Amino acid sequence: MLKLGLLSLMVALAAACGVYTLKHQVQGLELHLERTQDAIQDQRLALIRLKAEWATLTQPARLHRLAHAHLGLVPARPRQLVAVKDLPQRNELELQQRRYPALVSSGVAVPLRFKPAGAVDLAELLARPAERGRPPVARP
Amino acid sequence: MTGRVSSEVRLARPRLRLLSGVALLMFIGLGVRLADLTLLSAQAMVRERPRVGSEERRQRADIVDRQGRLLATDYPKTSVFADAQAVQDPAGTAAALAKVLPGLADDLAGQLASRKRFVWVKRHITDAQQRAVIRLGLPGIDFRTEMHRIYPQRELAAHIVGYVGVENQGLAGLERSFEQRLHGPGAADGPLRLTLDLGVQEIVRDELGHAVERFQARGGSGLVLEAGSGAILAAVSLPDFDPNRVHKLTDDQQFNRNTQGAYELGSLFKVLTAAMALDAGAVRITDGYDASQPIKIHRHEIGDFHAKERWLSVPEILAFSSNIGAAKMALAVGTEGQHDYFQRLGLLAKHPIPLPEVGAPIVPRTWRPINTVTAAYGHGIAVTPLQAADAVAASICGQPRPPAYVVAENPPAARPAAVSARTAEQLRWLMWLVVAEGTGSTAKVDGYQLGGKTGSADKVQGRGYGVNKLLVSFVAAVPVAAPRYVVLVTLDEPKGTAETNFMNQGGWTAAPTVGQIVSRMGPLLSLPPDDPATEQRLRRRLITGTAMNGRLHVNEPSFKVSPDIPWDDADGGRQGCACEACSSPG
């Protein structure tokens, strides 16, 4: 009878210790969870703030103004768009760079150059001075 | 002792057994329940926990453009408050706070001494200010973060997006008409995506702003539609407003000219008149009319602004914008035919765009011949610019297309084709001629073949028309051979400048504005330039000659269309409107 009582007491003590440890662990985990959730919330708020800030900083009007003021960029003109199939072949461009002196009847040597077969003269296109658009007007 | 069990004990034993049995059963029950809760039902209890970190703190869904750029979003704004009972040194606390937070109430120290549990110290502080207050380490001072609606693009799409009130409820624009979708359970569907393209929107607003400034106009509107799909890429109305600051808006600022303003658009309607006359077979594109005499109907006399006083071909009626010619075309169609055609184009009913600010068109109550004649050149019928752009798009596409829409989800169903593909092709050519040789030549863009039509309408004032108070407009299709975009600009009471020889008609004011818009938006939308063959193909139909101007008695250039080249031929198979989004919606 005494043995049984002693055994029960020990089991009860062990169970109490187990429960205490478990509860302690759970508390620790709950604290961790709460902190993580707070961190997630903070990060989410920060994300919303940053997205809004990004949208404000990348307003098309603002980019237009900054690109013009600091980089001298102007809007592209329609003729600056060229389809890949309209571009001359590389070897044609190389031929274009070479000059072939040819003697004309007056006895003067004139450098002859090849013109690419493609519809667009890329070199000329690139050499054209960039058209300066009128400076953008800042509006608040 | 054991042998002599008393009668009392004998009597009590069964009761004790019963009692201990009951107690045992209760403990077994408890044990089973404990095992059930901890081992078996544990999963269910975990699931019942509220999911912290879901979207419950967001109040309204974002509004974004077609590329996902933010137009409206909820923004966390932090405010400082005090629990006055927890504040230990009211005067010291107030002084410390004043150092890091500018503009505090003067009697803050008094309020902090009031023992109230809640006192606002300052609303809407910055992150840096919040960190500074935390660093002060003051007892009784705390923060509250609330969501506020902000519009990062400010004025850019203000009339479309709208704004919200102090309770975060939608008051105007899509914020109002899409309240259910943006607020409450609908918000879970994520951001509301529009068809607007902020890049194009900015170009239109910029160019329109310059035009309004340059011609000292009272305002203006600009629209860019995807011709085939009806998607609105840009819709600007000036003057506009900043939806972040809506406490003192004027009616003028809030007015969305594109959807609310019903205007008599004048000669712009000649495109529609030509479309109905050609489609109904009332006139052939090779025909013409005698425009030497003004038309008289009852007491009214209809003459031409650019009077030629001679026979005019159909292409010339468009190119020189002849009222007489347009009126005769409309009379050939007939009053009923015109009414039907306007109905099919959606000009007689409110536009179905889901904005709260949509105006009804103003149409004649009874449709008499005089109404037919004036409507032929856009008077006596007032429609919104959005309706007009839609009608022109339908007329030059000649294919089923949905009416213009601005919210990308659930686009409206397509309306049946308003005119045949053949009529549409003829119309595109006529509009090309207007820009190539007619009143719209100021809209020319290096690189694209444009089609267009000018409009300069006298504004209705009281019961009559104002003197030289015009509402000018220009509608363009680009590229005209297979239109991808329709652009419509209106300017309200522009004044001529030295550069325009003090002319204020649509050809001098609205047309160059459209040209500027197209030349900037084309490359942005990767619209390839037209090759020289396109212009040659279009020009091949044109027969130029000379004719005697009946008023000035001088020879002037005249235009006719070649009868030898068939329409809707295999010429590159160019028919209808190109539309990227149509084949792959969403």
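Since the model is a prediction, treat every value here as computed from it, not as a measurement.
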K.L.:
What part of B/L70 gets within 4.5 angstrom of chain A, counting heavy atoms only: side chain, backbone, both, or neither?
P.N.:
both
K.L.:
I'd like to know if B/D74 pairs up with B/R149 as an ion pair, taking the criterion as any Lys NZ or Arg NE/NH1/NH2 lying under 4.0 Å from an Asp or Glu carboxylate oxygen.
P.N.:
yes
K.L.:
Which bit of B/L527 comes within less than 4.5 Å of chain A, counting heavy atoms only: side chain, backbone, both or neither?
P.N.:
backbone
K.L.:
Salt bridge check, B/R69 against B/D197: does any charged N sit closer than 4.0 Å to a carboxylate O?
P.N.:
yes
K.L.:
What part of B/V518 lies closer than 4.5 angstrom to a heavy atom of chain A: side chain, backbone, both or neither?
P.N.:
neither
K.L.:
Is the shortest side-chain N to carboxylate O distance from A/D38 to A/R35 below 4.0 Å?
P.N.:
no
K.L.:
Give a yes or no on whether a salt bridge exists between B/R193 and B/D65, defined as a side-chain N under 4.0 angstrom from a carboxylate O.
P.N.:
no
